[in-house]
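Here is the structure we will look at, set down as structure tokens.
Counting starts at 1 for both ligands and their atoms, following the listed order. These values consider heavy atoms only, across backbone and side chains, with no hydrogens, waters or symmetry-generated copies.
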Amino acid sequence: MLPAGMDTLDPKRMVAELKELRSFTADENGAQRVAFTPLWVEVRNWLREKLSGLPVEMHTDAAGNFWATLKGTCEKSLLIGGHMDSVPNGGWLDGCLNVLAGAEILRRISAQYNGKPPVTVRLVDWADEEGARFGKSLFGSSACSGNLDMDEARGLQDKDGVTLPDALKAVGLDFERAKDCGKELKNAAAYLELHIEQGPVLLDLDLPLGSVLGTYGVERHAITFHGQAAHAGSTPMNRRKDAFLAAAKMSGEIYRIADRKGGVCTIGSCTTKPGIVTSVVAECRITLDQRHLDAAALACMLEAAKEAGERFAKEGNVTVSWERLWHIEPILFHPQLLDFCDEAIAETGAPKRRLPSGPLHDAAEVARAGVPTIMMFVQSLHGISHNKIEDTKEEHLQQCVTAFDKLAEKALHWIAEK
Ligand SMILES: [Zn+2]
């Protein structure tokens with residue numbers, strides 16, 4: 001028998017649990033649920049406690065991901081995921097809203113189907129989504145999808161010089177075995193993730209909820225212009241090879257390129273050599289981050305930026321070189337699940353809206369592993385995340401878990417009938 005009050009979805013209970021979590025994981029600077037720290041372990045124990053009244057099997061996999069499994073009449077599984085970890089001084093909702101909404105849905109499904117739903121339902125709390133400590137996000141989900149670069153991850157260190165393998169050891173995990181957790185996806189038939197938007201799109205549209213089309217592809221490059229150092233007083237303007245001037249022209253141009261192609265782009269860093277007040281810049285290195293949901297459009301944005309770089313270099317009598325720092329292809333979510341997500345949102349009385357995700361999420365890794373995947377976004381007040389001011393209206397928190405539950409039910413039947 002389930003304890004009283006556990007038989008139907010209770011959005012208010014989820015909000016109360018989020019507040020309870022905040023009460024012991026946040027200080028005056030925000031949430032401190034950083035992965036692989038003692039507080040994170042405490043959060044995990046708290047989550048186990050919350051789920052202990054349910055007929056679920058709970059375990060932690062080889063990469064530190066936590067799974068709670070409600071066995072169904074068939075092995076095919078509906079996965080609901082999120083992450084309890086946060087950045088230092090983070091918000092109270094990023095990641096844990098998803099997990100606690102999933103816990104609430106597990107309770108509802110368990111009650112409705114007397115502990116035996118038609119398909120297996122699994123809640124997953126991914127380990128170290130944020131990558132706050134080691135500078136590399138999506139650790140647990142990329143280990144699970146098989147995309148984790150072991151050689152790169154093995155060498156990662158935090159600011160105190162502790163390596164990722166040592167940090168894992170401290171919480172009882174063997175880094176070298178991390179990818180063994182891939183077997184957790186064996187019977188996965190769909191993956192659902194709810195998340196706060198972390199941007200202002202839904203806020204500006206005055207909408208509570210949105211269906212996520214997919215995550216942006218990213219092209220990240222360092223662009224270096226090579227000119228010649230020369231005296232700031234004695235060098236006539238027409239004789240200069242000014243590496244900074246060419247780089248500076250790029251900043252306006254990349255905005256025009258993004259406008260034309262409908263993506264986003266950022267020059268996030270600029271360094272000059274010799275970097276002194278009395279010399280023309282000999283070398284200027286900028287970083288460019290370009291993102292788009294459409295792979296062809298992203299490729300066009302990159303090509304346009306390269307052409308512009310050549311043009312400005314030629315104009316300024318300097319040369320330019322490019323170095324690719326990182327890239328990932330756009331990841332599109334599943335069309336049927338996208339339709340279900342729209343329907344679920346509409347059934348709560350909210351208008352339907354589709355939008356892309358700028359940030360990457362664990363859902364992108366699960367989709368890359370070939371599991372049909374969808375995300376639902378709920379509005380962020382202020383459009384801000386990774387900050388203690390991160391917030392969502394309480395009515396929207398309640399509405400999002402209601403909509404997400406309807407999505408889960410649709411996905412469950414879709415899997416059962418497949
Ligand atoms: Zn998150």
Side-chain angles (χ1 to χ4, degrees), residues 14 17-18 21-22 25-26 30-37 39-40 43-44 47 63-66 79-103 123-145 147-148 191-203 209-216 218 291 328 331 333 341 355-368 373-392 396-397 400-401 404:
M14 183 202 68
E17 285 179 342
L18 282 165
L21 178 68
R22 179 172 61 181
T25 59
Q32 309 295 345
R33 309 182 309 271
V34 178
F36 310 130
T37 60
L39 183 57
W40 175 80
V43 166
R44 277 282 174 86
L47 179 63
N65 305 309
F66 169 82
L79 310 186
I80 300 174
H83 60 95
M84 295 301 269
D85 75 303
S86 74
V87 296
N89 307 327
W92 71 299
L93 299 171
D94 181 359
C96 53
L97 167 64
N98 334 353
V99 179
L100 294 179
L123 175 65
V124 53
D125 167 20
W126 299 109
D128 200 10
E129 190 272 350
E130 299 288 3
R133 188 166 156 199
F134 296 96
K136 183 96 181 117
S137 53
L138 310 179
F139 171 75
S141 55
S142 66
C144 199
S145 71
N147 290 314
L148 178 70
Y191 174 79
L192 317 178
E193 188 171 322
L194 172 69
H195 209 283
I196 51 160
E197 187 206 326
Q198 305 183 278
V201 175
L202 292 171
L203 180 73
L209 301 168
S211 307
V212 184
L213 289 158
T215 56
Y216 279 152
V218 183
R291 302 182 189 218
I328 190 168
I331 294 154
F333 293 147
C341 193
L355 71 167
S357 172
L360 279 167
H361 289 283
D362 294 309
E365 285 300 332
V366 183
R368 287 173 94 190
T373 293
I374 187 68
M375 289 186 78
M376 181 186 286
F377 275 168
V378 62
Q379 188 194 100
S380 297
L381 276 178
H382 325 298
I384 290 271
S385 193
H386 287 190
N387 188 310
K388 69 173 177 180
I389 69 164
E390 172 194 281
D391 206 2
T392 292
H396 290 170
L397 289 176
C400 79
V401 66
F404 195 51

Legend entry - Tally of protein N, O or S atoms, where distance to the Zn ion (ligand 1) is under 2.8 Å: 3
Inset, instruction - For Asp125, check salt bridge (charged side-chain N to carboxylate O under 4.0 Å, His left out) against everything at least two apart and list the hits. - result: Arg44
Legend entry - Rounded distance [0.5 Å steps], CD in Glu365 versus CG in Leu360: 8.0 Å
Inset, instruction - For Glu193, enumerate each residue passing the salt bridge (charged side-chain N to carboxylate O under 4.0 Å, His left out) test, keeping only those at least two apart in sequence or located in another chain. - result: none
Legend entry - Non-hydrogen atoms of Ser385 and Gln198 that approach each other most closely: OG-NE2, 3.1 Å
Legend entry - CG on Leu123 to CG on Asn98, rounded to 0.5 Å: 9.5 Å
Legend entry - For Trp92, all residues meeting side-chain hydrogen bond (donor to acceptor under 3.5 Å, both in side chains), sequence neighbours excluded: Asp391
